[in-house]
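This is a predicted model, so every value here is computed, not measured.
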Amino acid sequence: MSSHTSTSSNNNTLSLGTFTCTRCGLTVSAYAADGVPRNHCPSCLHSRHVLDHVEGGPSDCEGRMSPIAIAVLRTGDWTVIHRCVRCDELTSNPVCVDDNQLILMRMAVRPLAQPPFPLEAFGTL
């Protein structure tokens, strides 16, 4: 996602508190429906690599971050795991209340629907 600025001269930013999704082009509020800050598109869950999570601070990469998995924290909260398509860095970001539930569920059940081993192996146990 693009950085948030108050100028409208930036092509990816309409006004303070919005950004344009790098994948689907949706204009997104920087805050979810419950007021919690967001850094990914609620429609397609993609983001933009603007923070360096390894070294801290801003990232020069600015590649598209693709959602690849869901993780469940000890608290029971869900988080989206993103991988940068340019540099392969992994990040995690909390699921927002207005995120696309169909995409979240598809990612959550993918390991069961497409296991890395043949399911027939269970028949011989």
Would a distance-only check, ignoring hydrogens and angles, find a side-chain to backbone donor-acceptor pair under 3.5 Å from [X] to [Y]?
X	Y	answer
His49	Val85	no
Thr79	Asn93	yes
Ser47	Asn39	yes

Kindly compute the distance separating [atom1] ([X]) from [atom2] ([Y]), expressed to the nearest 0.5 Å.
X	Y	atom1	atom2	value
Cys41	Phe19	SG	CZ	7.0 Å
His46	Cys24	NE2	SG	9.0 Å
Met105	Ile103	CE	CD1	13.0 Å
Thr22	Met65	OG1	CE	10.5 Å

Where [X] and [Y] come nearest, the two heavy atoms and their spacing:
X	Y	answer
Asn100	Ser43	ND2-O, 3.1 Å
Val97	Ala33	CG2-CB, 4.1 Å
Cys84	Cys87	SG-N, 3.5 Å

Does any non-hydrogen side-chain atom of [Y] lie less than 4.5 Å from one of [X]?
X	Y	result
Asp99	Pro42	yes
Met107	Pro67	yes
Ser66	Arg23	no

*Val95/Leu45 under side chain to side chain contact (heavy atoms under 4.5 Å, CB included): CA gap, chis, key distance, verdict*: CA-CA 9 Å; Val95 167; Leu45 304 183; over 6 Å; no
*Other hydrophobic cluster members with Leu90, side-chain heavy atoms of Ile/Leu/Val/Met/Phe/Trp/Tyr under 4.5 Å, chained?*
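The other cluster members (ILVMFWY side chains, heavy atoms under 4.5 Å, direct or chained) are Ile68, Ile81.
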Which pairs would a plain distance check flag for residues 69-78, meaning a side-chain donor or acceptor within less than 3.5 Å of a matching protein atom at least two apart in sequence or in another chain?
| from | atom 1 | to | atom 2 | distance (Å) |
| --- | --- | --- | --- | --- |
| Thr75 | OG1 | Asp77 | N | 3.3 |
| Thr75 | OG1 | Asp77 | OD2 | 3.1 |

